[in-house]
Asks: 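Pasting in a structure now, in structure tokens, and then I'll have a few things to ask.
First the proteins, then the strands, lettered A, B, ... as listed; each starts at 1.
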Amino acid sequence: MTKKQTLRIATYNINGINSRLPVLLRWLEEARPHVVGLQELKCTDEAFPAKDIEAFGYSAIWHGQKSWNGVALLSRVGEPVETGRGLPGDPNDEQSRYIEAAICGILIGNLYLPNGNPWPGPKFDYKLAWMDRLDAYARHLLDSGLPAMLMGDFNVIPTEQDVYKPERWAKDALFSPQAREKFKVLVAQGWTDALRSLHPDERIYTFWHYWRNSFQRDAGIRIDHLLLSPPLAEKLVKAGVDREPRGWDKTSDHAPTWIELKV
DNA sequence: ATGACGCTACGATAGCGA
């Protein structure tokens, strides 16, 4: 790092990277994040638009899957050194929901946590089991003492403060007591919820449904999170949500969510 | 309760996921 003061790291559920490519590239050009974790690529490894992304100055690693899921890490501050692909803890889990790399001396885990609807049901059970595996792995990361972070689409609304109208989400897996409790226990291991720690009293949303003019009414929820280990938390200087891209044409239902770290 | 999107396929509309 030469004279750079801060490192900007973002998470963005792109909801189909090839359909959203113009939106992604426009945002990369305008926001110029140093590191980006993407979720919901909805493409195979072969169909990942690596050349387009490289043309904007980013190295990338990705873990695709036909039709669903898929995660990637982008960096314009050195090539990501991959340290993990697939969440440990279940060798039979074939869903592409986790990719991890060392970038600029930071261990970055990028995740797409299962949605879990309908609740109850097997998809909800899968969500809770996935969260148990994440809990175990996150503990391992903290124990390493490394500057580490876990970011992505957690598909969990942590508290009533993180939803425009709690009663509308009462029967949704994203707001279920079980998922919220597991998220709470995870953070309590010693992670810092970056956005909430810097903005304790604000309403912060990262997702708005396409239907019923949700974005225009700001009827949103906060489900995209960046969790920092103690050595990173002390370097946190800014955090926010880029709401503008959510208003663009043919856009994702999520907005890019980011932090800035002292380097 | 409603419903928007992208993706896929014994495809040209419908089911699935979320």
Asks: Using the rule that two of Ile, Leu, Val, Met, Phe, Trp, Tyr join whenever any of their side-chain heavy atoms come within less than 4.5 Å, decide whether A:Tyr12 and A:Leu25 are in one cluster.
Replies: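 Yes, A:Tyr12 connects to A:Leu25 through the hydrophobic network.
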Asks: For residues A:Trp258 and A:Leu150: do they belong to one hydrophobic cluster (side chain heavy atoms under 4.5 Å, members Ile, Leu, Val, Met, Phe, Trp, Tyr)?
Replies: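 Unlinked, A:Trp258 and A:Leu150 end up in two clusters.
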Asks: Counting the atoms with a prime plus P, OP1 and OP2 as sugar-phosphate, which does A:Lys250 contact under 4.0 Å by heavy atoms, base, sugar-phosphate, or nothing?
Replies: sugar-phosphate
Asks: Hey, does A:Tyr112 reach any base, or is it just sugar-phosphate, or nothing, if we go heavy atoms under 4.0 Å?
Replies: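 Sugar-phosphate contact only - A:Tyr112 comes under 4.0 Å of backbone atoms but never of a base.
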Asks: For DNA chain B, which residues of residues 151-158 of chain A approach it to below 4.0 angstrom with any heavy atom?
Replies: none
Asks: When you check the side-chain N and O atoms of A:Asp224 and A:Tyr205, is any donor under 3.5 Å from an acceptor?
Replies: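 Per modelled atom types, A:Asp224 and A:Tyr205 side chains form no pair under 3.5 Å.
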Asks: Please report, to 0.1 Å, the donor-acceptor pairs under 3.5 Å made by any side chain of residues 104-115 of chain A, with sequence neighbours excluded.
Replies:
from     : atom 1 : to       : atom 2 : distance (Å)
A:Asn110 : OD1    : A:Gln39  : NE2    : 2.7
A:Asn110 : ND2    : A:Leu38  : O      : 3.0
A:Asn110 : ND2    : A:Ala72  : O      : 2.9
A:Tyr112 : OH     : A:Glu40  : OE1    : 3.4
A:Asn115 : OD1    : A:Asn117 : N      : 2.9
A:Asn115 : OD1    : A:Asn117 : ND2    : 3.0

Asks: For A:Gln189, which residues count as a side-chain contact (heavy atoms from CB on, under 4.5 Å) partner, sequence neighbours excluded?
Replies: A:Asp135, A:Ala138, A:Arg139, A:Leu142, A:Leu186, A:Trp191
Asks: With a strict under 4.0 Å distance from non-hydrogen atoms of chain A, what nucleotide opens and what nucleotide closes the contacted stretch of DNA chain B, reading 5' to 3'?
Replies: B:dA1 to B:dA18
Asks: Once ring pair (Phe, Tyr, Trp, His ring centres under 6.0 Å) is applied, what residue pairs with a partner in residues 69-98 of chain A remain, sequence neighbours excluded?
Replies: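 Applying ring pair (Phe, Tyr, Trp, His ring centres under 6.0 Å) to every pair that reaches into residues 69-98 of chain A, excluding sequence neighbours, yields A:Tyr98-A:Tyr137.
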Asks: Using atom C1' in both nucleotides, what's the gap between B:dG11 and B:dC16 to the nearest angstrom?
Replies: 15 Å
Asks: Mind checking if A:Arg97 touches a base, just sugar-phosphate, or nothing, with heavy atoms under 4.0 Å?
Replies: sugar-phosphate
Asks: List in chain and number order the residues that pass side chain to side chain donor-acceptor pair (under 3.5 Å) with A:His199, two or more places apart in sequence or in another chain; answer none if no residue qualifies.
Replies: A:Glu202
Asks: Test side-chain hydrogen bond (donor to acceptor under 3.5 Å, both in side chains) on A:Asp172 and A:Trp119 and set out the steps.
Replies: CA-CA 7 Å; A:Asp172 195 290; A:Trp119 163 44; over 6 Å; no
Asks: Taking only the C1' atom of each, what is the distance from B:dG15 to B:dA4 in whole angstrom?
Replies: 15 Å
